[in-house]
Asks: 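Can you read through this structure? Questions will come right after.
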Amino acid sequence: VQFVESGGGLVQPGGSLRLSCAASGFTFSRDAMNWYRQAPGKVRELVAEITRAGLSTNYADSVKGRFTISRDDAKNTVYLQMNGLKPEDTAVYYCYAPATFGSWGQGTQVTVSS
């Protein structure tokens, strides 16, 4: 099981980024996929989740209305569109499929700063 996150970077407050996560080593289409983030000195937190086939999504209150999770089962990829970014969104972002009990990827750094 492998997760490879990409798309992070430095962005000004109010800006947007689209994160991607390529997953492999399991039957991607069968599993829910989540995005998490971990800021310096803080515990990792769940940001967004999407069920198999994208039937349902759920978001942390802190990102609701600004972030959108989606998936492309043909590409084994999950996305996180982030709009209206705030400095408090600064963190390393990870994707993960809880049902796989696999190892976490390296994550992708998102820094929101003027």
Asks: Begin from the C-alpha positions of N83 and F67 and carry the test side chain to side chain contact (heavy atoms under 4.5 Å, CB included) through to its verdict.
Replies: CA-CA 6 Å; N83 300 327; F67 290 11; over 6 Å; no
Asks: Checking A53 now: which residues fulfil side-chain contact (heavy atoms from CB on, under 4.5 Å) with it, not counting sequence neighbours?
Replies: L55
Asks: Distance-only, no hydrogens or angles: does the S113 side chain make a donor-acceptor pair with backbone N or O of T111 under 3.5 Å?
Replies: no
Asks: Under the salt bridge (Lys or Arg N to Asp or Glu O under 4.0 Å) test, which residues partner D72, sequence neighbours left out?
Replies: none
Asks: Out of curiosity, L19 CG to Y94 OH, how far, rounded to the nearest 0.5 Å?
Replies: 12.5 Å
Asks: Ignoring hydrogens, what is the shortest heavy-atom contact between T77 and K75? Give both atom names and the distance.
Replies: OG1-O, 2.8 Å
Asks: Provide the full list of salt bridge (Lys or Arg N to Asp or Glu O under 4.0 Å) pairs with a residue in residues 14-28, sequence neighbours left out, each pair given once.
Replies: none
Asks: Give the intermediate values and the outcome of side chain to side chain contact (heavy atoms under 4.5 Å, CB included) for residues I69 and Y59.
Replies: CA-CA 9 Å; I69 188 171; Y59 300 90; 3.4 Å; yes
Asks: Verify, without hydrogens or angle tests, whether T108 (side chain) and G8 (backbone) share a donor-acceptor contact under 3.5 angstrom.
Replies: yes
Asks: Applying salt bridge (Lys or Arg N to Asp or Glu O under 4.0 Å) as the test, list every pair that has at least one member in residues 33-42; sequence neighbours left out.
Replies: R37-E45, R37-D89
Asks: Test of understanding: clusters of I, L, V, M, F, W, Y form through side-chain heavy atoms closer than 4.5 Å, transitively. Do V63 and L46 belong to the same one?
Replies: yes
Asks: If I compare all heavy atoms of A48 with all of L80, which pair ends up nearest, and what's the gap?
Replies: CB-CD1, 4.2 Å
Asks: Does some side-chain heavy atom of I50 sit less than 4.5 Å from a side-chain heavy atom of V78?
Replies: yes
Asks: For Y96, which residues count as a ring pair (Phe, Tyr, Trp, His ring centres under 6.0 Å) partner, sequence neighbours excluded?
Replies: F3, W104
Asks: Could you check Q38, Q109, M82 and say which one makes a side-chain contact (heavy atoms from CB on, under 4.5 Å) with Y93?
Replies: M82
Asks: Sequence neighbours left out, cut at 3.5 Å: what donor-acceptor pairs do the side chains of residues 20-35 make with other protein atoms?
Replies:
from: N34; atom 1: ND2; to: Y36; atom 2: OH; distance (Å): 2.9
from: W35; atom 1: NE1; to: Y79; atom 2: O; distance (Å): 3.3

Asks: Would a hydrophobic clustering, with Ile, Leu, Val, Met, Phe, Trp and Tyr connected at side-chain separations under 4.5 Å, put V4 with V110?
Replies: no
Asks: Measuring from atom OG of S103 to atom CD of Q2, what distance do you get when rounded to the nearest 0.5 angstrom?
Replies: 9.5 Å
Asks: Report yes if the side chains of Q81 and S16 come closer than 4.5 Å at any heavy-atom pair, otherwise no.
Replies: yes
